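Structure first, commentary second.
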Amino acid sequence: MAVGRRGAGLRLCATVFLLDMTFCKGFVEDLDESFKDNRKDDIWLVDFYAPWCGHCKKLEPIWNEVGLEMKSIGSPVKVGKMDATSYSSIASEFGVRGYPTIKLLKGDLAYNYRGPRTKDDIIEFAHRVSGALIRPLPSQQMFEHVQKRHRVFFVYIGGESPLKEKYIDAASELIVYTYFFSASEEVVPEYVTLKEMPAVLVFKDETYFVYDEYEDGDLSSWINRERFQNYLTMDGFLLYELGDTGKLVAIAVIDEKNTSIEHTRLKSIIQEVARDYRDQFHRDFQFGHMDGNDYINTLLMDELKVPTVVVLNTSNQQYFLLDRQIQNAEDMVQFINNILDGTVEAQGGDSILQRLKRIAFDAKSTIVSIFKSSPLMGCFLFGLPLGVISIMCYGIYTADTDGGYIEERYEVSKSEIESQEPTEESKEQEPRSGDVLVPTVQGPKDVLEKKKD
């Protein structure tokens, strides 16, 4: 009886799950070739996918949740998906190069999504990009509300100017990453000090930084560098994004499950340097920590001991290892200064030798991972080709050997025949005994001639 109830319960859960998935799918439109002509009247968030793509299949339930959420909050953004393999011409027109590709289409503009593939992050991206490019802050209350909601945001303060035009251009390029606002000087909090107007500020880490054209260079590049918080929990995706900033990344590589003093101390030191030396290093350095050394090992092509500190240049794959024991923040500051003045030697890089080394390392890592995850599969993938090659080599070797043997045997037979020919001649020249005729022995040559006749 209990088994029957349990089975009924499982069937009910499965039915509810399928109904829920069907309900979610109802808010994601399947797009076809007509989308190209009809899309400009609306704002679209589109997933370009391939039916055979594993990452696309993993994204599908998340995408259905995005569609449901956007519909439930009354968002003007429509959510759809398109099979890029069936409508390849449309996909290539939108610059789709891989799967899945998420784009927000707004009029003639197409914005790529490059963030984490989670429901909240995708919805945040859609809200940010679908709204106004530059959002006005009309009051101090609105300014305070924005500060509480966003960890990093940019503000233009002042009237019309060439700087504002540059700000708008930068926003149109970088709106996919962060928010852009404008405000008057009266709206800005009292703790903000401005030496001149107009100005562009970034608010983050409970403080602010003012753009200086002389020290910071191009405005768009400065915004791209400053769009991250000063201290971050690192992962592979974030390190890839930081590669565009040109900053060095100082990372405490630790095991977060390990609560020993050494692991927590290195993390605290990096946090202290990021906080207390922010004005000194924020233009050149990004700080953070990473749980585990697996990803770092693939970058360094070496086994990095944990816990430790490593400084990465993600733009050219160079790295710097500790030249001293890090006991406190002052030791870390000295290490950073030694990197800046060239005292610490950079390792790695993207030279041809390093690229060849990386190819070999990646191949080795792939083979090892296959054998670790599935030994039988590894034996099949690598054993079968080796077996075929071995059989082919053996066949070639034995074929050459037999041919040589036949040729040698043929040469021997020919030599035997030739050696027998003088014997026949001598026998023919022998005198006969009396009147009795002595028959001559028919040699192989005669036999051959008869056969030929």
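Count residues from 1 along the sequence. Everything numeric here is computed off the predicted structure, so don't read it as measured data.
With a 6.0 Å radius and a threshold of 12 heavy atoms from other residues, nucleotides or ligands, Gln280 has its CD atom above the threshold. Within a 6.0 Å sphere centred on NE2 of His127, other residues, nucleotides and ligands contribute more than 12 heavy atoms. Applying the 6.0 Å contact sphere to CD of Glu196 captures no more than 12 heavy atoms from other residues, nucleotides or ligands. Counting non-hydrogen atoms of other residues, nucleotides and ligands closer than 6.0 Å to CD1 of Ile261 gives a total of 12 or fewer. Other residues, nucleotides and ligands place more than 12 heavy atoms under 6.0 Å from the NZ atom of Lys106.
Partners of Glu190 according to the side chain to side chain contact (heavy atoms under 4.5 Å, CB included) rule, which considers only residues two or more places apart in sequence or in another chain, do not exist here. Listed by chain and number, the residues in a salt bridge (Lys or Arg N to Asp or Glu O under 4.0 Å) with Arg227 are Glu241 (sequence neighbours excluded). Listed by chain and residue number, Asp42 satisfy the salt bridge (Lys or Arg N to Asp or Glu O under 4.0 Å) test with Lys78 (two or more places apart in sequence, or in another chain). In terms of the salt bridge (Lys or Arg N to Asp or Glu O under 4.0 Å) criterion, residue partners of Lys36 (sequence neighbours excluded) are, by chain and number, Glu93. Legend: residues meeting side chain to side chain contact (heavy atoms under 4.5 Å, CB included) with Asn316, ordered by chain and number and at least two apart, are Asn313, Gln318, Asp350. Contacts of Glu330 classified as side chain to side chain contact (heavy atoms under 4.5 Å, CB included), with partners at least two apart in sequence or in another chain: Tyr277, Asn328. Partners of Pro116 under the side chain to side chain contact (heavy atoms under 4.5 Å, CB included) rule, at least two apart in sequence or in another chain, are Tyr113, Thr118, Asp121, Phe237. For the side chain to side chain donor-acceptor pair (under 3.5 Å) test, no residue two or more places apart in sequence or in another chain qualifies with Glu185. Applying the salt bridge (Lys or Arg N to Asp or Glu O under 4.0 Å) criterion to Lys103, with sequence neighbours excluded, gives no partner residue. For Gln334, the side chain to side chain donor-acceptor pair (under 3.5 Å) partners are Asn338, not counting sequence neighbours.
Sorted by first and then second residue, the side-chain hydrogen bond (donor to acceptor under 3.5 Å, both in side chains) pairs with a member in residues 171-182 read Arg114-Tyr177, Glu124-Tyr179, Glu173-Ser220; sequence neighbours excluded.
Judged purely by atom type and a 3.5 angstrom limit, Arg283 has no side-chain atom pairing as donor or acceptor with the backbone of Glu215. A donor-acceptor contact shorter than 3.5 Å is absent between the side chain of Lys71 and the backbone of Val79. The closest donor-acceptor contact from the side chain of Arg151 to the backbone of Lys204 lies at 3.5 Å or more, if one exists at all. Side-chain N or O atoms of Gln286 include one that pairs as donor or acceptor with a backbone N or O of Gln229 at under 3.5 Å.
Asp205 and Thr207 form no side-chain donor-acceptor contact under 3.5 Å, judged by distance and modelled atom types alone. Between Ser260 and Glu262, the side chains place no donor N or O within less than 3.5 Å of an acceptor N or O (distance only, hydrogens not considered).
Between Ile251 and the options Val309, Leu239, Val311, a side chain to side chain contact (heavy atoms under 4.5 Å, CB included) holds for only Leu239.
Between Phe35 and Trp44, the ring planes lie perpendicular to each other; the angle is over 60°, past the 30° to 60° tilted range. Ring geometry, Phe285 versus Phe287: the interplanar angle falls under 30°, so the pair is classed parallel (tilted spans 30 to 60°). Between Phe153 and Phe143, the ring planes are perpendicular. Angles over 60° get that label, and only those under 30° would be called parallel.
The OH atom of Tyr49 sits 7.0 Å away from the OG atom of Ser86 when rounded to the nearest 0.5 Å.
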Go through the steps to decide whether Glu272 and Arg265 satisfy the test salt bridge (Lys or Arg N to Asp or Glu O under 4.0 Å), and finish with yes or no.
CA-CA 10 Å; Glu272 183 180 348; Arg265 183 177 62 83; over 6 Å; no

With a 3.5 Å cut-off and sequence neighbours excluded, list the donor-acceptor pairs that the side chains of residues 160-171 form with protein atoms.
| residue | atom | partner | partner atom | Å |
| --- | --- | --- | --- | --- |
| Glu160 | OE2 | Lys164 | NZ | 3.2 |
| Ser161 | OG | Tyr156 | OH | 2.7 |
| Ser161 | OG | Leu163 | N | 3.4 |
| Ser161 | OG | Lys164 | N | 3.2 |
| Tyr167 | OH | Phe154 | O | 3.1 |
| Tyr167 | OH | Phe181 | N | 3.2 |
| Tyr167 | OH | Phe181 | O | 2.8 |

